[in-house]
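What follows is one structure encoded as structure tokens, with my remarks underneath.
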Amino acid sequence: MKKIINDAGNVVPEMVDGLVRSYPQYLRQIPDTEAVMRADEDSMAGKVGIVSGGGSGHEPAHAGFVGKGMLSGAVCGQVFTSPTPDQIYEAIKQADHGKGVFLVVKNYSGDVMNFDMAKDLAEVDDIQTKTIVVDDDIAVEDSLFTQGKRGVAGTVLMHKILGAAADQGASLDDLDQLAQAVLPNIKTIGIALHAATVPEVGKPGFELEDDEIEYGVGIHSEPGYKREKIKPSKEMAEELVAQIDKSLQLDSSKKYAVMVNGMGATPLMEQYIFSHDLLDLLKNKGITPSFMKVGNYMTSLDMAGLSLTVFEIKEDKWLDYLNYPVETIGW
Amino acid sequence: MKKIINDAGNVVPEMVDGLVRSYPQYLRQIPDTEAVMRADEDSMAGKVGIVSGGGSGHEPAHAGFVGKGMLSGAVCGQVFTSPTPDQIYEAIKQADHGKGVFLVVKNYSGDVMNFDMAKDLAEVDDIQTKTIVVDDDIAVEDSLFTQGKRGVAGTVLMHKILGAAADQGASLDDLDQLAQAVLPNIKTIGIALHAATVPEVGKPGFELEDDEIEYGVGIHSEPGYKREKIKPSKEMAEELVAQIDKSLQLDSSKKYAVMVNGMGATPLMEQYIFSHDLLDLLKNKGITPSFMKVGNYMTSLDMAGLSLTVFEIKEDKWLDYLNYPVETIGW
Amino acid sequence: MTMALTVDNLIEWINNFSQKVNEHKDYLSELDTPIGDGDHGNNMARGVNAVQESLTNKKPAELTDAFKQVAMALISKVGGASGPLYGTAFLEMAKKSKDTTDLGELFTAANEGVKKRGGAKVGDKTMVDVFEPLAEKLTQGLLEQSEIDEAVEGTKDLVAKKGRASYLGERSVGHLDPGAMSSGYLFSALIETEGIL
Amino acid sequence: MTMALTVDNLIEWINNFSQKVNEHKDYLSELDTPIGDGDHGNNMARGVNAVQESLTNKKPAELTDAFKQVAMALISKVGGASGPLYGTAFLEMAKKSKDTTDLGELFTAANEGVKKRGGAKVGDKTMVDVFEPLAEKLTQGLLEQSEIDEAVEGTKDLVAKKGRASYLGERSVGHLDPGAMSSGYLFSALIETEGIL
Ligand SMILES: Nc1ncnc2c1ncn2[C@@H]1O[C@H](COP(=O)(O)OP(=O)(O)O)[C@@H](O)[C@H]1O
Ligand SMILES: Nc1ncnc2c1ncn2[C@@H]1O[C@H](COP(=O)(O)OP(=O)(O)O)[C@@H](O)[C@H]1O
Ligand SMILES: [Mg+2]
Ligand SMILES: [Mg+2]
Ligand SMILES: [Mg+2]
Ligand SMILES: [Mg+2]
């Protein structure tokens, strides 16, 4: 393992310190926590706060999306490990301006349970909270008897939409309805060329041969649904689009937002080449995205690969939310 | 070599196509070239255009800095290879609105010669041009008898400052004076954990052992000035700050802008940890940066590592230029 | 020496558990690699070290306080899935300890808490597959290392239904559940604590 | 058959050069790796292939046109440092070809152009270390493969003063200059072209 770190057990506090001190115009840290709040949180007076968070290693998510028009706060857990209820609770307290706090949680047992416990703590203080559990990853079969699908890069689109609505004065109930309406329309699928190395572990989460790729990986080096010899970008795009198509029924009469998300070690050059192939495939279906982002938004440490998120825009308002101006590091 | 590409000989056209089609609100491509212009270039009427460019493989540089408040156009050469005079000339023609065009060139023989030939072509059309040759990399000894220092990540700060000034109506001569005044105050030094692999070459530009790092690398896998066993981030920061200090004489009575730039395969987590160590070292010298950016701005394909740029802000106006709002993909 | 749970042997038990977790930290993370995200050892080590710090800084006067201190340290330091689950387990034991010091009853309450918090039941390839049968053995006064080993080993052939391993579906078969293993240490630590059972 | 430069043998010469560049493309890039950025072979191959395309699409009527077509194809396709340098060399030969068909004179003009464009002189470990001595040999009617080899080999022990290799300073010693090698092919191609010398 070769990383620019000091102590593998101390990466998160050092990272959060470096982040907040590099961007004091956007961020401040809640003392004695790894929770990061908007530097201008006070300007949210009278509005609903939005708090997200999760394990670290996904930078710029989630702290990079804290700022005007997006999140009020983000709680940074240990690497790939949900943050703890006490810290989430601190962020909720600070994000509450009497109108309640909306929580964006990715669908992992740990995240769901820790945010639940934080909600319980907030309830004691009479802080109203609502939660959306994002599960956009279509690589995992859904089922009532299991944890279900994972929350991955599509979560960033959820942040963007809720953040824009909250900034424009949406109530906690409005946000709840909006989140519920948006959620089933966001679908993501990923691909890995190389797994991530957790600093405290010191070796990649799984091994791929020099010519192998894995389809359907998560953002914590969770293995995916199949492993193959590496192919041209165009064929990888075909596979991912086919999976999305199965789940969203892509249709030229509908509007879509698209996010191509780099996993951390994949350069923009490759992401743009993939986008070129993707846009060609969509064009063949008569689709030109109404909104598109390409870059590193929800990474997985030094994993090489990318994910494709397609979001069916069912209401024009949703597109306005995506285009709403923000002041953040990462969007 | 494992990359998300199709044909190694075709990466640049596919990349440029993907980039421009993903962000039509910012960019358009000059037909039959790999030159990328502002989608709203017309709103530059009456202003000096700014054209940059260079080899590809440094994304988001340079096309990612094309947009309101920054560049008018960027010419994308083959990977790590200067663009050709005919394409630079096309970009100059389109960026000219009667007030001339300012060229930002990095100090490589190829870039200097190709931009020179393009200038010759523009002269025939009576388009006025001026050029700044950026050479911020302090890893290479300067000398009158050689090519001198390389242009690296500090070039992005030059784009930012000139772009802000041009947007506010600076003349070609104003920009020339500004660029000359700013240039000696920008210093950069880099470090690599792993070299870049040029797609057409198929293997890394140099080999580092699993526990080795190289100080003073360029952005084309040019080897640096020393190779050592990997160290904690804090010690790497000490080495880089010491080099910058030698060249800029860091002083608590002065103002600085700082850019920590990821090389392409190094995640933000590591960049923030490095920034934490860097800010501590600067604090020990009584310095808090007046402006800071951390992220991937001038990459080197899939190289792992980062560079540190320090810019001494001698005039308050320069800080205003850095803070001036822009509409680009990459800033 | 009466065979009963006291603040002192509770601390000894927890110390034994901490020692095991630290000793097998890498092993727990390794178990978490093929069917999880490779952090269970680090999560648990961070937690038990915080527990030890808490118990050293402020020795609890009462059993209930002791359980609560353990719970709070785990909840605020472990994170992930195991943090709230172990935290809930000890919080439930804290509540129950107001009425009884019987470890069978305490662990039955803990197990109910874990099941409620995480929604898992026996057979889902989680720590519940260790907690539930061994709480039962404790109640019967029959807890032995062989029973612990059997419970932990039993998770190997299961298909995961909860937690990260569930994303793998059938492919989770053939791997021990890391949380079951760490729970196994909690019970082994109990056996090794003199005078507690 | 008169020994003189014609459009036909110029095309044959350039074809021979193209063939060598394509054949040794990887080798040229390899030479460019320790002291450059590993692209010289790809740059030159892209260039000579464009030249061949240009000459095939539109056969030039005059020598001057032929040189100019070669120059323009190289300038617009090679990029990097070698593009403008080779381009300038052929552009200067195009100009000079209005007055003379003597290859010695043509290459002397080419060499002056390269030196002016890039600012290098003999001993700086660049293509000038091949162009200058071999232009001289051509003028003397003494161009032979052994002279070419010697000129190319001679760059090995030099410290680079221009181009990317100069960033390495003393560490550039011990490596052949890639641009010198490709220039060597240009002269070898000349020798192999019947009736041109
Ligand atoms: N819903 C659940 N109910 C019971 N136990 C669970 C549940 N989810 C996860 N676990 C347990 O937690 C263990 C994983 O813990 P850990 O690796 O620390 O957390 P994470 O999965 O968040 O990385 C699993 O091996 C399993 O025993
Ligand atoms: N200033 C210069 N004058 C003469 N030749 C030069 C100069 N700079 C570079 N060269 C030649 O160009 C060669 C490198 O070409 P190439 O690799 O195609 O371009 P780049 O260095 O831009 O990647 C060098 O080996 C050298 O012979
Ligand atoms: Mg985890
Ligand atoms: Mg080059
Ligand atoms: Mg885990
Ligand atoms: Mg080269």
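Note that this is a predicted model, so its numbers are computed, not measured. A note on names: the letters A, B, ... follow the listed sequences, proteins ahead of strands, and every chain is numbered from 1.
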Between [options], which residue shows the highest count of heavy-atom pairs closer than 4.5 Å to chain B?
options: A:His194, A:Met263, A:Lys293, A:Glu270; answer: A:Glu270
options: A:Asp302, A:Leu306, A:Val294; answer: A:Val294
options: A:Ile191, A:Leu193, A:Leu268; answer: A:Leu193

So which atom in B:Met15 and which in A:Tyr272 form the shortest heavy-atom distance, rounded to 0.1 Å?
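Scanning both residues completely, I find the closest heavy atoms to be O-CB, 3.6 Å.
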Counting only heavy atoms closer than 4.5 Å, note whether [X] contacts chain A via side chain, backbone, both or neither.
X: B:Met236; result: side chain
X: B:Val79; result: side chain
X: B:Asp280; result: both
X: B:Asp7; result: neither
X: B:Ile230; result: side chain

Take atom [atom1] of [X] as the centre, draw a 6.0 Å sphere, and report whether it contains more than 12 heavy atoms from other residues, nucleotides or ligands.
X: B:Lys255; atom1: NZ; value: no
X: A:Lys234; atom1: NZ; value: no
X: B:Lys203; atom1: NZ; value: no
X: A:Asn284; atom1: CG; value: yes

Measure the spacing between [atom1] of [X] and [atom2] of [Y] and express it to the nearest 0.5 Å.
X: A:Gln271; Y: B:Ser22; atom1: CD; atom2: OG; result: 10.0 Å
X: A:Ser275; Y: B:Ile4; atom1: OG; atom2: CD1; result: 10.0 Å
X: A:Ile5; Y: B:Asp277; atom1: CD1; atom2: CG; result: 11.0 Å
X: B:Asn6; Y: A:Ile273; atom1: CG; atom2: CD1; result: 7.0 Å
X: A:Leu19; Y: B:Met269; atom1: CG; atom2: CE; result: 11.0 Å
X: A:Lys2; Y: B:Thr266; atom1: NZ; atom2: OG1; result: 10.5 Å

Measure the shortest side-chain to side-chain distance between B:His276 and A:Arg21 over non-hydrogen atoms and say whether it is less than 4.5 angstrom.
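Result yes, sub-4.5 Å side-chain heavy-atom pair found.
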Which atoms of [X] approach chain B - backbone, side chain, both or neither, heavy atom under 4.5 Å:
X: A:Glu209; answer: backbone
X: A:Lys229; answer: neither
X: A:Asp210; answer: backbone
X: A:Tyr23; answer: side chain
X: A:Asn10; answer: neither
X: A:Leu278; answer: neither
X: A:Thr299; answer: neither

Among B:Glu212, B:Glu59, B:Glu14, residue most engaged with chain A (heavy-atom pairs, under 4.5 Å):
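Result: the option with the highest number of such pairs is B:Glu14.
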Option that, when pairs with chain A are counted at under 4.5 Å, heavy atom only, ranks first among B:Gly295, B:Pro267, B:Pro13:
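If we count pairs closer than 4.5 Å to chain A, B:Pro267 comes out on top.
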